Amino acid sequence: MVHPRSKITTLTEFVIQRQYEYPHAKGALTRLLNDIATAAKIVNREINAAGLVDILGTVGKENVQGETQKKLDVFANEMFITALKGGGECCAIASEENEKVITFSNDFSHLGKYVVAMDPLDGSSNIESNVSIGTIFSIYRRISEIGSGTQEDLLQPGLNLVASGYVIYGSSTMLVYTTGKGVNGFTLDPSVGIFCLSHPDMKYPDTANIYSINEGNYIYFPEGVKQYIKYCQESDPESFRPYTSRYIGSLVADFHRNLIKGGIFLYPGTTKNPNGKLRLLYECSPMAFIAEQAGGKASTGTQRVMAIQPETLHQRVPFYTGPKWMVEKIEALIKGSTE
Ligand code: AHG
Ligand code: MN
Ligand code: MN
């Protein structure tokens, strides 16, 4: 009899198998993804111990976004930077927690072919309440020649992404990533500390009936978004309406649930913040790559997120993502309301 656990594929095995599809690959991306997975496991350990060790609360400082930094934000940021610096495959990082690009000039990192943009801890306002949080990462090939990486290496559109992914620290911990050949999810087996393939070839389900938006901001939303919310609440059994409303306030957790169960995530611009809240480089672009690879779509309401050329590291964009037909509906309403 085959033991039910004897047929596992680990993340490392999976990435190496994929590497053989590229005859010139030398394993650099495999090593880089391993570095990210290692840092994620350490962050996961700390999150699991929150409440027991002194890791909850703020550090009394604000990051470049003017947001209060939590101890776990700082810890996660340091963990990922350390792992990427030590790994030698990455020559520069853009992080939500650092105003400027972090460049590496040690003996080996300046030879690294890749740069990484990351949100080391997403949903950090939820830490105290034991709600799922995450990490988001984007991997680009550097544009600059050998030497320490540059800001230009990071200011690339999502269409240039080599890989992107997220880690969700939830009821179980998962790493979900794409290199442009579908989306695959790996669950951390905590007894051995290994990510194992659990969700091969993830796709949005054909039927979807969830909408996720911070409706408290309703009065500040553009007309098309207000119309869409009303549309979600109308009764029409054929199109599964009224939809169910689900909103955690952690992009990774809201996105992941909607990918599994079928739903649209919306973070619109408002009258106060016309570009919304979410950051293009390390929140919207990486999630857009995953959404598209899972058969879905990601839009600013008027533009494909993947096609936007970033101008600054921390630039924000309105963000709508989920199954294609759901995103196309909100795009149509936004278009109709501005004509
Ligand atoms: P971060 O914790 O990295 O700053 O991100 C928080 C983001 C995102 O995770 C979530 O979708 C959004 O903030 C929620 O914002 P609201 O509280 O305005 O709904
Ligand atoms: Mn975030
Ligand atoms: Mn964050």
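Read the numbers this way: they start at 1 and go in the same order the structure lists the ligands and their atoms. Worth saying up front: this structure is predicted, and the values here are computed from it rather than measured.
Scanning the protein for heavy atoms near atom 4 (O) of ligand 1, the closest one is Glu96 OE2, 3.1 Å. Closest protein heavy atom to atom 1 (P) of ligand 1: Gly123 N, 3.7 Å. Scanning all protein heavy atoms for the shortest distance to atom 19 (O) of ligand 1 gives Tyr247 OH, 2.5 Å. From the protein, the heavy atom lying nearest to atom 15 (O) of ligand 1 is Lys277 NZ, 3.0 Å.
One finds the CD1 atom of Ile290 at 6.0 Å from the OH atom of Tyr166 (value rounded to the nearest 0.5 Å). From Phe137, atom CZ reaches atom OG of Ser164 across 7.0 Å, with rounding to the nearest 0.5 Å. Between the CD atom of Glu339 and the CD1 atom of Ile334 there is a distance of 12.5 Å, given to the nearest 0.5 Å. The distance from atom CD1 of Ile136 to atom CD of Glu96, rounded to the nearest 0.5 Å, is 8.5 Å.
Remark: ligand 1 and Leu278 share no N or O pair separated by less than 3.5 Å (distance only, no angle test). Residue contacts with ligand 1: Tyr267 is placed with a nitrogen or oxygen under 3.5 Å of a nitrogen or oxygen of the ligand (distance criterion only). Considering backbone and side-chain atoms alike, Ser125 places every N or O at 3.5 Å or more from each N or O of ligand 1.
Here is the list of ligand 1 atoms found below 4.0 Å of a heavy atom in Glu283: 3 (O), 5 (O). Within ligand 1, the atoms closer than 4.0 Å to a non-hydrogen atom of Asp119 are 3 (O), numbered from 1 in the order shown.
At least one heavy atom of Leu121 lies less than 4.0 angstrom from ligand 1.
Checking side-chain atoms of Ser212 against main-chain N and O of Arg246 turns up a donor-acceptor pair under 3.5 Å.
Scored by the side-chain contact (heavy atoms from CB on, under 4.5 Å) test, Asn273 finds Thr270 as partners (sequence neighbours excluded). Partners of Thr9 by side chain to side chain donor-acceptor pair (under 3.5 Å), not counting sequence neighbours: none found.
Considering Ile127, Asn214, Ile133 only, the shortest heavy-atom separation from atom 16 (P) of ligand 1 involves Asn214.
Of the heavy atoms in Ser124, both backbone and side-chain atoms come closer than 4.0 Å to ligand 1. Counting heavy atoms under 4.0 Å from ligand 1, residue Phe265 touches it through the side chain alone. Only the side chain of Arg279 comes within 4.0 Å of ligand 1, judged by heavy-atom distances. At a heavy-atom distance under 4.0 Å, atoms from both the backbone and the side chain of Asp122 approach ligand 1. Residue contacts with ligand 1, taken as heavy atom pairs separated by less than 4.0 Å, do not involve Val252 at all. With a 4.0 Å cut-off on non-hydrogen atoms, Leu251 touches ligand 1 through its backbone as well as its side chain.
Hydrophobic clustering (side-chain heavy atoms under 4.5 Å, transitive across Ile, Leu, Val, Met, Phe, Trp, Tyr) keeps Phe265 apart from Met306. If you chain together hydrophobic residues whose side chains sit under 4.5 Å apart, Ile168 and Val183 fall into the same group.
Side-chain N/O atoms of Ser95 and Asn77 include a donor and acceptor closer than 3.5 Å. Side-chain atoms of Arg257 and Ser132 include no donor-acceptor pair closer than 3.5 Å.
With side-chain heavy atoms closer than 4.5 Å counting as contact, directly or through intermediates, Ile210 stands alone and belongs to no larger hydrophobic cluster.
A salt bridge links Glu128 with Lys70; the closest basic N to acidic carboxylate O contact falls under 4.0 Å. The residues Lys230 and Glu234 are annotated as not salt-bridged, no charged nitrogen and carboxylate oxygen being separated by less than 4.0 angstrom.
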Checklist entry - Going through the checks in order, is the side chain to side chain contact (heavy atoms under 4.5 Å, CB included) test met by Arg18 and Leu29? => result CA-CA 11 Å; Arg18 288 280 166 114; Leu29 185 63; over 6 Å; no
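Among the heteroatoms counted here (N, O or S) of Glu283, OE2 is the one nearest to the Mn ion (ligand 2).
Listed by chain and residue number, the protein N/O/S atoms under 2.8 Å of the Mn ion (ligand 3) are Glu96 OE1, Asp119 OD1, Leu121 O, with waters left out.
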